[in-house]
There are 2 protein chains.
Amino acid sequence: MTDDAQPAAADLPDVPASAPLGRGRVTLQIIAQHLAVSTATVSLALRGSPLVAEATRSRVQSIARQMGYSYNRSAASLRTDRTNILAVGFHDITNPYFAELLAAIEETATGHGRSILLGTYAENLDRQDRVLTTLKEYRPDGMILCPAAGSVAADFAHLLEAGLPIVQLSREIPGLALDFVGSDDRHGAVLAMEHLLGLGHRRIAFLGESQRISTGRNRFTGYCETLARHGLPLDRAIVHSAQGTRENGLKGIQAVLAAADPPSAAICFNDLTAFGAMLGLRHCGLEAGVDFSLVGCDDVQEAAQWYPALTTIKNFQDEMGRKSAEFLLERIADPNAQPRRLILTPELVVRGSTAPFRG
Amino acid sequence: MTDDAQPAAADLPDVPASAPLGRGRVTLQIIAQHLAVSTATVSLALRGSPLVAEATRSRVQSIARQMGYSYNRSAASLRTDRTNILAVGFHDITNPYFAELLAAIEETATGHGRSILLGTYAENLDRQDRVLTTLKEYRPDGMILCPAAGSVAADFAHLLEAGLPIVQLSREIPGLALDFVGSDDRHGAVLAMEHLLGLGHRRIAFLGESQRISTGRNRFTGYCETLARHGLPLDRAIVHSAQGTRENGLKGIQAVLAAADPPSAAICFNDLTAFGAMLGLRHCGLEAGVDFSLVGCDDVQEAAQWYPALTTIKNFQDEMGRKSAEFLLERIADPNAQPRRLILTPELVVRGSTAPFRG
DNA sequence: CTGAAAGCGCTAACAA
DNA sequence: TTGTTAGCGCTTTCAG
């Protein structure tokens with residue numbers, strides 16, 4: 001709503017006739033001039049400081065609105081050394097597990113006046129390095145990280161040295177004294193195994209094994225321990241090593257089914273792997289929950305809707321995401337506090353994809 | 001690697017004895033002093049400008065690395081008025097359709113040296129307004145937007161007035177002369193309908209109808225037009241109006257099945273709705289692809305893996321996401337170019353959830 | 001090829 | 001209660 005119409009700039013170039021200064025946007029400076037007060041007053045007024053008189057505050061605020069003022073966070077950040085940005089580094093947001101975590105983080109961040117700067121790196125270490133370096137250059141107040149497979153502590157040294165508050169989410173790098181929010185993955189695998197053993201299964205495959213991420217190591221450990229406790233052998237022929245994707249679930253089940261002594265059940269690294277495995281079973285003329293038992297891990301939204309619905313280990317992505325953001329906010333507030341670890345206890349959700357063993 | 005050890009600050013407060021200036025981070029200034037050159041030279045050198053001698057360039061770069069220098073993008077942005085940030089506003093990234101779009105955008109952005117600032121608003125107009133205002137304050141170079149249901153052109157006026165380059169993705173607000181990347185949704189619905197009609201179905205429901213988003217209007221139009229072209233009546237009793245979620249698919253199918261003259265098939269606003277509907281069918285003792293035919297829309301990753309696999313309309317999220325980012329980059333490069341529209345042609349993917357009508 | 005100097009828009013002392 | 005001033009870290013003329 002500018003009162004004066006824009007005069008057609010005749011023959012002049014697009015530099016305004018009046019003052020060639022500035023970028024044409026309305027700044028604190030402009031508002032201050034307009035009101036014949038100082039920029040300091042405008043700054044304080046806009047932020048609702050009690051230091052300025054109520055009258056000036058409302059006068060400033062209404063003028064600012066009229067003039068279409070927009071706060072410049074780059075400028076403020078330069079001055080205050082805070083950006084209100086939370087950086088998030090994930091490997092793949094197409095994976096519903098990470099999408100659910102991200103949604104919870106975003107929700108929590110927004111609720112606390114923070115915004116999310118996102119970077120992904122597809123389990124690629126070089127790319128992770130580039131992405132994290134770039135994210136850091138935006139000077140986020142903190143960072144939530146789910147490290148790519150094979151990461152080592154040294155990969156994050158430059159972030160720590162810069163004093164950037166970081167919380168690790170879901171996956172953990174050994175030897176990094178950082179806040180961590182995750183699940184008791186070993187326990188989750190034990191729950192899955194005990195469920196299958198209780199149903200009478202003795203040949204149980206593991207699909208999506210990987211030693212390059214903590215969740216992989218812990219889940220596999222739970223698997224091995226439970227086998228041992230029940231006096232069952234660990235048979236590498238029915239362990240399929242791969243990243244936890246839909247495609248690998250399909251390949252994995254076919255691989256273990258081809259073993260000399262095939263399994264009657266499988267636990268999967270995650271739900272995606274289990275979904276792929278279900279498909280693979282059908283290719284082999286088998287049906288989960290009838291001829292074969294399948295347990296997933298995470299309980300992503302679609303797990304409950306599959307047919308058969310997937311028996312899985314619930315990992316509370318919503319709470320994990322929320323908590324990781326809260327941890328980060330607290331870490332930012334108190335950089336010197338002791339690092340904290342929150343390990344949520346997973347729960348078994350029994351649905352249709354598992355059934356009693358039948359010779 | 002600082003040579004001099006930090007002397008214990010005896011009785012002094014935590015202000016360093018030497019110089020109370022700066023924030024302790026290494027800046028261009030610091031590097032310049034260290035090398036006895038000007039900050040201008042350092043700046044140029046770090047960016048590999050041909051203006052500086054090869055020798056100084058490498059000297060500066062290696063020192064910068066040694067000192068652990070990190071480029072401060074807030075500072076650069078303030079100066080250059082560019083952030084290399086692309087803002088993305090979506091309503092829900094837990095929906096795989098949007099997650100897939102976002103992944104493609106992020107990939108493209110990163111490939112062009114840009115980062116993604118993410119905001120979500122859950123189809124909530126107030127929240128959309130707050131989120132977009134905040135995103136704008138970070139001065140992104142541009143914005144990719146999928147407007148919340150019920151948005152009107154006025155909601156985005158402040159962004160346009162600020163001259164912020166915007167491309168609309170997937171959904172479109174009438175009366176906004178902005179770049180747009182989307183699908184020919186009307187045509188998609190026609191494909192779905194012709195498929196079902198070709199299978200002999202005559203009573204075909206529509207699940208997830210909504211007039212508050214362009215995709216909803218267009219898909220429903222395709223549905224209505226095809227009915228009309230075949231001389232079939234539009235029966236509101238088998239049209240279920242709701243947002244396209246898993247839950248609403250379940251409710252929707254139950255609602256239309258309860259009609260006096262129930263349908264033998266349904267087309268769904270999106271795949272999520274179809275997934276819910278499949279579940280709902282089972283609750284009613286029906287099976288998609290046998291007793292009932294179901295067509296989804298989008299072809300998200302899980303669609304191919306469901307049982308039965310979902311017949312759906314492929315919408316090429318990957319290309320849409322990529323193209324929207326490319327459009328934005330080009331729009332940023334040339335703000336005055338004519339707005340462009342890219343409407344991808346969807347394709348029918350026939351899978352197991354549809355079957356010939358049987359009285 | 002390099003340096004000096006100004007300034008982007010904001011906030012935080014400190015004075016008045 | 002408000003104004004003055006300096007400066008965050010960078011880039012960009014303009015001189016040399």
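Chain identifiers are assigned alphabetically (A, B, ...) following the order of the sequence lines, protein sequences preceding nucleic acid strands; residue numbering begins at 1 within each chain.
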Looking across every strand, which nucleic acid part, if any, lies under 4.0 Å from A:Ala32 by heavy atom: base, sugar-phosphate, or nothing?
nothing
What is the distance, rounded to the nearest whole Å, between atom CZ of A:Arg73 and atom P of C:dT11?
10 Å
Give the C-alpha distance, both sets of side-chain angles, the deciding distance and a yes or no for salt bridge (Lys or Arg N to Asp or Glu O under 4.0 Å) between B:Lys323 and B:Glu330.
CA-CA 10 Å; B:Lys323 278 298 188 183; B:Glu330 290 163 24; over 6 Å; no
N/O (side chain, A:Ser43) to phosphate O (OP1/OP2, C:dC10) under 4.0 Å:
no
Under the side chain to side chain contact (heavy atoms under 4.5 Å, CB included) rule, collect the residues that match up with A:Ser151, sequence neighbours excluded.
A:Leu125, A:Gln128, A:Pro147, A:Ala148, A:Asp155, A:Phe156, A:Ile173
Quiz item: cation-pi between B:Arg73 and A:Tyr138, 6.0 Å / 45°:
yes
If the cut-off is 4.0 Å, is B:Arg82 near the phosphate of D:dT11, judged by side-chain N/O to OP1 or OP2?
no
Atom-pair distance (CD on A:Gln33; P on C:dG9), nearest Å
12 Å
Rounded to the nearest Å, what distance is computed from the CG atom of residue A:Leu46 to the P atom of nucleotide C:dC10?
9 Å
Going by atom type alone, with no hydrogens or angles, which donor-acceptor pairs under 3.5 Å involve a side-chain atom of residues 110-118 of chain B and a protein atom two or more places apart or on another chain?
unit_1: B:Thr110; atom_1: OG1; unit_2: B:Glu106; atom_2: O; d: 2.9
unit_1: B:Thr110; atom_1: OG1; unit_2: B:Glu106; atom_2: OE2; d: 3.2
unit_1: B:Arg114; atom_1: NE; unit_2: B:Asn84; atom_2: OD1; d: 3.0

Counting distance only, does the side-chain N/O of B:Asp141 pair as donor-acceptor with the main-chain N or O of B:Thr83 below 3.5 Å?
yes
Rounded interatomic separation in angstrom, taking CG from B:Leu35 and C1' from C:dG3
14 Å
According to a strict under-4.0 Å criterion, is A:Ser38 in side-chain N/O contact with OP1 or OP2 of D:dG3?
yes
Under 4.0 Å: is that the gap between some side-chain N or O of B:Tyr138 and OP1 or OP2 of C:dG9?
no
B:Phe90 vs B:Leu169 side-chain heavy atoms within contact, under 4.5 Å:
yes
Indicate whether any N or O donor in one side chain lies under 3.5 Å from an N or O acceptor in the other, for A:Gln61 and A:Arg65.
no
Does some side-chain heavy atom of A:Glu326 sit less than 4.5 Å from a side-chain heavy atom of A:Thr108?
yes
Separation of atom CZ in A:Arg25 from atom P in C:dG9, rounded to whole Å:
8 Å
Grab the CD-P distance between A:Glu137 and D:dG9 for me, whole Å please.
15 Å
Between C:dG9, D:dC10, C:dT11, which one does the side chain of A:Tyr71 approach most closely?
C:dT11
Can you measure B:Asp81 atom CG to C:dG7 atom P for me and round it to whole angstrom units?
17 Å
Any protein N or O atoms within reach of nucleotides 12-16 of chain C? Criterion: under 3.5 Å, listing atom names and distances.
unit_1: C:dA12; atom_1: O4'; unit_2: A:Arg79; atom_2: NH2; d: 3.3

Nearest whole Å is fine: how far is C:dG7 P from A:Leu28 CG?
18 Å
Just by distance, no angles: are the side chains of A:Thr41 and A:Ser38 close enough, under 3.5 Å, to form a donor-acceptor pair?
yes
Establish, for the pair A:Arg340 and A:Phe327, whether the NZ or CZ atom is under 6.0 angstrom from the six-membered ring centre and no further than 45 degrees off its axis.
yes
Of the listed nucleotides C:dC10, C:dC8, D:dT11, the one nearest the side chain of B:Ala76
D:dT11
Can you list, in residue-number order, the parts of residues 50-63 of chain B that come under 4.0 Å of DNA chain C, counting heavy atoms only?
B:Leu51, B:Val52, B:Ala53, B:Thr56
Name all residues meeting the salt bridge (Lys or Arg N to Asp or Glu O under 4.0 Å) criterion together with A:Arg331; count only those two or more places apart in sequence or in a different chain, and write none if there are none.
A:Asp179
Can you give me the bend angle of the helix from C:dC1-D:dG16 to C:dA16-D:dT1? Use the axis through the first five pairs and the one through the last five, nearest 10 degrees.
30°
Return yes if some donor-acceptor pair links the side-chain N/O of B:Glu123 with the main-chain N/O of B:Ala149 below 3.5 Å, else return no.
yes
